[in-house]
Trainee: 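Below you'll find the structure I mean.
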2 protein chains.
Amino acid sequence: MATLKQVAAHAEVSVQTVSNALNAPHRLRADTLERVNRSIELLNYRPNRNARSLRTSAVELIGYCVPSWPNQTHLVMDQFLHALCAAAERTGRHILLFTAPGGVDGMPTYDDLHARRMVDGFVLSQTETHDPRHGWLKEQDIPFVSFGRVWKETTQPGPWVDVDGAAGSAMAVRHLYESGRRRIAFLGWPKSSGLGEDRVGGWRDACKDLGLPTSGLTVRCREDSIEEGARATARLLDSGRTVDGIVALSDILALGALRELTRRGLTPGHDVGVTGFDDSPLAEVVSPGLTSLRQPMDQIAEELITILTGSSNGSPVERLLRPELVIRGSSAPG
Amino acid sequence: MATLKQVAAHAEVSVQTVSNALNAPHRLRADTLERVNRSIELLNYRPNRNARSLRTSAVELIGYCVPSWPNQTHLVMDQFLHALCAAAERTGRHILLFTAPGGVDGMPTYDDLHARRMVDGFVLSQTETHDPRHGWLKEQDIPFVSFGRVWKETTQPGPWVDVDGAAGSAMAVRHLYESGRRRIAFLGWPKSSGLGEDRVGGWRDACKDLGLPTSGLTVRCREDSIEEGARATARLLDSGRTVDGIVALSDILALGALRELTRRGLTPGHDVGVTGFDDSPLAEVVSPGLTSLRQPMDQIAEELITILTGSSNGSPVERLLRPELVIRGSSAPG
DNA sequence: CGGATTGTTTTTAACGTTCAAAACGTCCGT
DNA sequence: ACGGACGTTTTGAACGTTAAAAACAATCCG
């Protein structure tokens with residue numbers, strides 16, 4: 001493996017000149033630069049990243065904690081990771097994966113990775129309602145950016161990127177409205193979930209804007225499972241109120257709704273329009289295909305990396321992105 | 001951030017002694033060791049990984065190429081990544097993610113990561129039938145281990161870990177047999193797929209062992225989609241032969257089978273037993289739940305890391321692991 | 001008592017890179 | 001012709017760690 005020294009010897013210049021050829025080529029005379037570059041090419045030289053990092057104390061690695069999966073399978077994680085990875089590489093960086101316990105128990109792991117100079121900073125995801133990580137990292141002056149808001153108070157420590165759930169729900173409502181639905185229900189989570197309240201709020205506002213009823217049309221599920229989605233839908237339909245549209249807070253709940261509708265002999269997309277959230281792989285795989293709100297993963301990843309690696313000029317950056325409605329059979333005009 | 005030097009000064013020993021306290025504590029006198037450890041703790045010292053790597057030329061990072069997702073969503077990737085990460089961490093290592101074009105076009109990326117000393121080696125997955133990566137890496141003397149066989153010839157370059165598809169199919173057949181099925185079909189892929197031939201072989205052998213018919217009971221799907229699975233099932237049922245069991249090569253195809261059966265008024269699990277492969281999140285989420293063959297991810301990951309980081313003592317290691325049958329409603333006794 | 005043996009600690013020299021400053025030319029204006 | 005200014009290249013020195021060898025200390029044995 002060739003080193004700077006060997007390249008320098010071959011090109012008959014000093015080591016520093018070769019270094020400059022790579023990092024500040026404008027400083028070299030044109031002919032020197034060309035000669036050095038020829039040697040670099042000839043010897044197939046690649047800078048040793050460790051030596052560089054040691055000197056500059058920047059490792060160009062970004063830590064990402066892979067969610068421990070028993071809780072709930074993160075159905076769009078592969079999309080997110082691919083996007084994040086690609087975005088990082090566009091800036092010459094890479095993603096370092098690690099595992100850590102949730103909550104404060106995980107903080108020593110974050111601290112350690114940073115203290116050992118294995119990462120420059122972190123991308124957080126799977127943010128929870130009272131996520132302690134943000135405040136902790138901020139306190140320790142460890143760079144990070146969050147995918148998802150903490151939903152605790154209005155001012156959240158550190159920069160974040162998130163998808164506008166309220167806008168997403170509103171888009172779903174408007175789409176169902178345009179295909180003729182007039183009594184649109186919302187399938188949600190308990191009030192304790194910030195994300196849930198964001199999305200239900202969008203549904204409520206959009207319904208009011210369009211002059212649609214909302215009273216008695218909210219059902220809350222205890223957990224995010226198909227079974228619970230089906231049960232909640234059953235409760236909704238048994239309540240005696242007419243329903244011709246269902247905006248579900250997640251794809252999983254939406255699948256539950258589809259199942260319950262089918263079980264009762266109703267045709268999703270024909271009798272009742274259904275939409276989900278996140279456009280997980282499930283959405284296009286079920287029958288009928290599930291209309292869902294896709295998170296703009298590439299843009300999210302791009303923003304995360306830009307914020308994390310950009311100059312942290314004073315005020316923390318906050319970016320709210322709009323999801324995209326992917327229309328499939330479950331919301332075909334009734 | 002404390003350094004060895006500062007700890008040494010504080011403990012009133014030489015730098016090397018502190019280094020030894022961490023890397024070869026048995027060399028120190030007990031009281032010295034304790035004194036040094038106290039200083040380490042007090043100053044909250046963490047070794048700088050870059051400096052260490054520079055000196056030892058081992059970065060303790062393992063490269064893993066995140067599959068580009070448009071081809072087919074890797075439904076169990078999050079499980080795999082979590083297991084791989086955890087296994088790596090048990091040996092003090094971490095996973096570095098990167099993206100690369102498929103086939104030989106991606107090789108410069110692998111080479112570059114290794115040449116810049118950003119990774120010690122690679123874990124390959126998503127191995128394709130004529131995957132060029134294994135031979136190429138072997139040729140360059142870049143350490144790697146493959147999750148999945150190349151299916152090209154009997155001797156494959158480098159070590160690998162894989163799941164025994166034939167054994168898995170056989171388990172599925174035997175399970176269906178035990179619940180009373182006697183005409184068990186196989187839903188597969190084109191013959192060009194090594195993985196496909198492995199699994200169909202297991203089905204055929206198991207059927208022969210049990211004295212069950214196989215002729216005319218194989219259907220091949222052009223692609224791995226629900227739609228194709230459903231079409232193939234339709235062809236199978238239309239062929240006039242009785243079928244009371246279906247072993248599908250993938251969960252996706254199995255879902256297609258479930259859909260087609262339901263469409264025809266047949267009850268999966270009651271009229272026809274169905275099994276899938278890989279136990280993706282889909283399997284437990286559909287109704288009825290899909291019986292499927294779970295890959296032992298933790299064990300796979302453990303083996304991969306052990307092989308990659310262990311001493312490459314001559315002959316390449318090859319490990320074939322048995323999947324585990326997860327029984328759900330789709331194969332309830334008929 | 002002296003040499004060998006063993007156990008513990010220190011010294012010296014890297015690993016491959018970049019920073020900061022110094023050195024070397026070359027050109028210019030007065 | 002001389003001092004200054006600029007453009008280009010080289011010279012130390014350092015980043016934080018570990019390998020190898022040297023130094024030192026204690027113990028043992030004949």
Side-chain angles (χ1 to χ4, degrees), chain A residues 1-40 43-61 92-93 112-120, chain B residues 1-40 43-61 92-93 112-120:
Chain A
M1 204 87 345
T3 70
L4 269 192
K5 211 171 178 177
Q6 290 164 28
V7 176
H10 185 270
E12 297 181 300
V13 291
S14 75
V15 176
Q16 183 62 40
T17 299
V18 183
S19 175
N20 283 335
L22 292 161
N23 302 318
H26 61 272
R27 287 200 199 150
L28 300 206
R29 221 171 46 210
D31 61 329
T32 319
L33 180 57
E34 205 197 335
R35 183 155 43 95
V36 172
N37 279 336
R38 254 203 305 276
S39 297
I40 287 176
L43 299 182
N44 192 25
Y45 167 77
R46 321 288 173 79
N48 180 314
R49 190 61 151 277
N50 289 118
R52 179 175 214 284
S53 292
L54 174 59
R55 189 62 242 252
T56 63
S57 58
V59 286
E60 321 270 69
L61 285 179
R93 271 162 261 252
D112 213 53
L113 284 168
H114 183 255
R116 305 184 117 93
R117 319 257 61 205
M118 300 184 64
V119 301
D120 293 328
Chain B
M1 203 88 346
T3 70
L4 268 192
K5 212 170 178 176
Q6 291 164 28
V7 176
H10 185 270
E12 298 182 301
V13 291
S14 75
V15 176
Q16 182 64 38
T17 300
V18 183
S19 175
N20 283 336
L22 292 160
N23 302 318
H26 60 273
R27 287 199 201 150
L28 300 207
R29 220 171 47 209
D31 61 327
T32 319
L33 180 58
E34 206 198 334
R35 184 156 41 96
V36 171
N37 278 337
R38 253 203 305 276
S39 296
I40 287 176
L43 299 182
N44 193 23
Y45 167 76
R46 323 288 174 78
N48 180 314
R49 191 61 152 275
N50 288 117
R52 178 174 214 285
S53 293
L54 174 60
R55 187 62 242 253
T56 65
S57 57
V59 287
E60 321 270 68
L61 286 179
R93 273 161 259 254
D112 212 52
L113 284 168
H114 183 255
R116 305 185 117 93
R117 318 260 60 207
M118 300 184 64
V119 301
D120 293 328

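Naming: A, B, ... by sequence-line order, numbering from 1 per chain. As a basis for the values below, the full set of heavy atoms in this structure was taken, side chains included, without hydrogen atoms, waters or symmetry mates.
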Trainee: How far apart are the closest heavy atoms of A/Val7 and A/Ile40, and which atoms are they?
Mentor: CG1-CG1, 3.7 Å
Trainee: Report which part of the nucleic acid B/Thr32 touches: base, sugar-phosphate, or nothing (heavy-atom distance under 4.0 Å, all strands).
Mentor: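 Sugar-phosphate only.
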Trainee: Let me know the distance between CD of B/Glu34 and C1' of C/dT8, rounded to the nearest Å.
Mentor: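 Going from B/Glu34 (CD) to C/dT8 (C1'), I get 17 Å.
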Trainee: Look at the side-chain N and O atoms of B/Asn23 and state whether any lies under 4.0 Å from the OP1 or OP2 oxygen of D/dT18.
Mentor: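 Looking at the OP1 and OP2 atoms of D/dT18, one of them is under 4.0 Å from a side-chain N or O of B/Asn23.
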Trainee: What's the closest nucleotide to the side chain of A/Ser19 if the choices are C/dT8, C/dT10, C/dT18?
Mentor: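 Selected nucleotide: C/dT18.
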Trainee: Of the nucleotides C/dC15, C/dT17, C/dT10, which has the atom closest to the B/Thr17 side chain?
Mentor: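 Of all the options, the side chain of B/Thr17 is nearest to C/dT10.
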Trainee: Choosing from D/dG12, C/dT17, D/dT9, which nucleotide comes nearest the side chain of A/Ala51?
Mentor: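 Selected nucleotide (nearest to the side chain): C/dT17.
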Trainee: Between C/dC15 atom C1' and A/Arg52 atom CZ, what is the distance in whole Å?
Mentor: 17 Å
Trainee: What is the distance, rounded to the nearest whole Å, between atom CD of B/Glu12 and atom P of C/dT10?
Mentor: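 My rounded result for the distance is 11 Å.
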Trainee: Rounded to whole angstrom units, what separation is found between the CZ atom of B/Arg55 and the P atom of D/dT18?
Mentor: 9 Å
Trainee: Please check if the side chain of A/Asp120 supplies one atom and the backbone of A/Glu60 the other of a donor-acceptor pair under 3.5 Å.
Mentor: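 Checked: pair present.
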Trainee: Between D/dG16, C/dT17, C/dT8, which nucleotide has the shortest distance from any of its atoms to the side chain of B/Leu54?
Mentor: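 Minimum distance to the B/Leu54 side chain belongs to D/dG16.
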Trainee: Considering heavy-atom distances to DNA chain C, does B/Asp31 or A/Arg46 have its closest nucleotide positioned more toward the 5' end?
Mentor: B/Asp31
Trainee: Would you indicate which nucleotide in D/dG16, C/dT11, D/dT10 comes nearest to any side-chain atom of A/Ser14?
Mentor: D/dT10
Trainee: Counting any heavy atom closer than 4.0 Å, what does B/Thr3 reach on the DNA or RNA strands: base, sugar-phosphate only, or nothing?
Mentor: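 Since only primed, P, OP1 and OP2 atoms lie under 4.0 Å of B/Thr3, the category is sugar-phosphate.
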Trainee: Rounded to whole angstrom units, what separation is found between the CE atom of A/Met1 and the P atom of C/dT17?
Mentor: 11 Å
Trainee: Quick one: A/Arg29 CZ to D/dG7 C1', roughly how many Å, whole number?
Mentor: 10 Å
Trainee: Answer yes if the side chains of B/Asn44 and B/Arg46 hold a donor-acceptor pair under 3.5 Å, and no otherwise.
Mentor: yes
Trainee: To the nearest Å, how far apart are B/Gln6 CD and D/dT17 C1'?
Mentor: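 Taking atom C1' of D/dT17 as the reference, CD of B/Gln6 is at 14 Å.
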Trainee: It should be established whether A/Arg27 places a side-chain nitrogen or oxygen under 4.0 Å from OP1 or OP2 of nucleotide D/dT8.
Mentor: no
Trainee: Evaluate the side-chain proximity of B/Asn48 to B/Thr3: yes if any heavy-atom separation is below 4.5 Å, no if none is.
Mentor: no
Trainee: Rounded to whole angstroms, how far apart are CZ on A/Arg117 and P on D/dC15?
Mentor: 14 Å
Trainee: One pair to check against salt bridge (Lys or Arg N to Asp or Glu O under 4.0 Å): A/Arg116 and A/Asp112. What are the steps and the verdict?
Mentor: CA-CA 6 Å; A/Arg116 305 184 117 93; A/Asp112 213 53; 2.5 Å; yes
Trainee: Under 4.0 Å between a side-chain N/O of A/Thr56 and OP1 or OP2 of C/dT18, yes or no?
Mentor: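 So the side-chain polar atoms of A/Thr56 never come under 4.0 Å of the phosphate oxygens OP1 or OP2 of C/dT18.
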